[in-house]
Amino acid sequence: MYRTNTCGELNSSNIQQQVCLCGWVQRIRNLGGMTFIDLRDRYGITQLAFNMNTNAELCEQARKLGREYVIQVKGKVVERFNKNKSIPTGDIEIDVTEINILNASKLPPFTIEDHTDGGDELRMQYRYLDLRRNTVLKNMVFRHQLAIETRNYLNQLDFLEIETPFLIRSTPEGARDFVVPSRLNIGQFYALPQSPQQFKQLLMIAGMDKYFQIVRCFRDEDLRADRQPEFTQIDCEMAFVTQEDVIQLFENLFIHLFKKLKNIELNNFERISYHNAMKRYGSDKPDMRFDMQFVELNHLLQHRDFKIFNEAELIIGICAKGCGSYTRKQIDELTDFVKRPQIGASGLVYVQCLDNNTFKSSVDKFYTQEDLQNLAAAFNATSGDLLLILSGKTEKTRKALGELRLEMGNRLNLRDKEHFKAVWVVDFPMFEWDEETQRFYAKHHPFTSPKPEDVALLDSGDIAKINANAYDLVINGVEVGGGSIRIHDRDLQKKIFRTLGFSESEAQQQFGFLMNAFEYGAPPHGGIAFGFDRMCAVFNGIDSIRDFIAFPKNNLGRDVMINAPYQISNEQLKELSIQINYSEKDE
Ligand code: ASP
């Protein structure tokens, strides 16, 4: 037997017990007469004590150990003289009688403690050491619990967890696929699934009724803090459901998860239409922890001498409460913020609401104090507030002000990480126009059904006006999931493909298996998928999903620990009939 206990469980109730522990040497403190070691395992840290006066040989042995050595110790649990109230084992220590070195360790390249001196790249290269750190370990435990709770909850509602294949075929819609060459079918490729979308629909046609899967998905996209080339979804589908059924069920799942894992009552999920989300917050994933809604100002600010406003399609603003005393420098910072290329505004107009109904603005030349007073009234602003105004093309201006709103939310501490606000965004447009390729794309995906009342528009023209039976769940400004009620009718599906620019034969060739299946008794069905890594991050108020993935990839999609992707051998290439000429120095 290696151990009687873990390093996280002994306390004063164990005093006098003989125990045997295993773990890693986190720290050695040589105080002359006494030497102490912090012994760590997944469960915690236990202090080991060695007394020079009573057992000099053992004490010497302890001093010679190095950081991260794996050791086994035997000894007696004794009460500690200097108690450490901050850890559960802090009342006791082990009076060690025997040390066995199970494995030595090289000096780790960074300190394995909550605050480490290791940079990102180094920690990723030695991720197995990084994972020993409590902060990262804690995230793995959370991820596990979130998965287990989700499974149990859905299981108890009769969902079946069913695996779908990873080697599938490439489809033209959506993000870029990762592809895998087939040795047995030379010149042909599998694609890794971007999601099990079509399979879960086939499972509904198969009569599985309620499906879920905590499943890896793959998308070959450019990476950001909240994106990885492989990521995990909680993927769900149900037959005989309406949008309301799906929303209710998963709202309850989230209420359950927040209660169970965070002890937080997450009630009052709001609903907002896509249109209103864009109009009021400039985003389809609005952070509703704070208000600061957009106010539209065309009617108040146009038809004066200010050319920029006169020519603008839209003039909108927000009111930053209590920021009326911002200095020139602070306002310049905000102007620089909106002018950054990612945001792209050409300038920022401000109005400071001062005492006694007086105003100071960057457009004083063009507007009277009375004009500005009317403007302030439109915001319900009071003295001490700051109005921030942008203008230009509708969509771009809304997005830019949306970013500024978030920035002001940060500055005013309105985005508290411990406070959670969930909102369903509904009534998404079915199609989205793409300037670059000059065609419509499905905003969600091409299997999403249009609102029944909008189906007629498919034939008669303005397809930009068609709304979809689609919904997203947004928490604290992060899209944690999205789904839709699907099309289950072959003819309607055909029509959608036609609208997306597929010829009949292209549609048949790409999606024939699904459309054929629709002819064999496809039930009405719908579902949703949640970004599991993102959920972990959002529940913990953290931006990076990497912190919740045991072995994540970097910004270039590389795993720096195993050094992947990597070239393959010439034999492998030959077997796959792939011709790449690696130059000799590459090999
Ligand atoms: N398959 C969709 C996605 O990955 C989600 C869904 O519609 O259920 O975004």
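Indexing begins at 1, ligand by ligand and atom by atom, following the structure's order. Positions are given from 1, in the same order as the sequence printed here. Both backbone and side-chain heavy atoms feed into the values below; hydrogens, waters and symmetry mates do not. What you are looking at is a predicted structure, and each value in this text was computed from that prediction instead of being measured.
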- Relative to atom 5 (C) of ligand 1, which among Gly526, Gly482, Gly481 owns the nearest non-hydrogen atom? Gly482
- Message: Side chains of Ile528 and Tyr471, heavy atoms from C-beta outward: is any pair under 4.5 Å?
- Response: yes
- Message: Atom CZ of residue position Arg42 - does it have more than 12 heavy atoms of other residues, nucleotides or ligands inside 6.0 Å?
- Response: no
- Item | Ring-face cation of Arg439 near Tyr441 (centre distance under 6.0 Å, axis angle within 45°) | yes
- Face-on cation placement of Arg405 at Phe290 ring, 6.0 Å and 45° thresholds: yes
- Ile528 heavy atoms, cut-off 4.0 Å: which ligand 1 atoms fall inside? 8 (O)
- Is the shortest N/O to N/O distance between Glu237 and ligand 1 below 3.5 Å? no
- Message: Do Asn298 and Leu314 make a side-chain contact, defined as non-hydrogen atoms from C-beta onward lying under 4.5 Å apart?
- Response: yes
- Are any of the N or O atoms of Asp235 closer than 3.5 Å to those of ligand 1? no
- Message: Give the atom numbers and elements of ligand 1 that come within less than 4.0 Å of a heavy atom of Arg486.
- Response: 6 (C), 7 (O), 8 (O)
- Query: Has Gln194 got any heavy atom lying under 4.0 angstrom from an atom of ligand 1?
  - Reply: no
- Item | Residue pair Met124 / Met561: nearest heavy atoms and the distance that separates them | O-CB, 3.6 Å
- Query: Who's the nearest protein heavy-atom neighbour of atom 1 (N) of ligand 1, and how far?
  - Reply: Gln197 OE1, 2.7 Å
- Applying a 4.0 Å heavy-atom criterion (strictly less than), which segment of Ser195 is in contact with ligand 1: side chain, backbone, both, or neither? side chain
- For ligand 1, which atoms sit closer than 4.0 Å to a heavy atom of Gln233? 3 (C), 4 (O)
- Query: Should one rank His444, Arg219, Lys200 by closest heavy-atom distance to atom 8 (O) of ligand 1, which comes out on top?
  - Reply: Lys200
- For the residue pair Val215 and Thr232, establish whether any side-chain heavy-atom pair is separated by less than 4.5 Å. no
- Message: In the structure I gave you, are the side-chain heavy atoms of Asp235 and Tyr211 within less than 4.5 Å of one another anywhere?
- Response: yes
- Message: Distance under 4.0 Å to a non-hydrogen atom of Gly483: what atoms of ligand 1 satisfy this?
- Response: 6 (C), 7 (O)
- Query: For Gln201, is the nearest heavy atom under 4.0 Å from an atom of ligand 1?
  - Reply: no
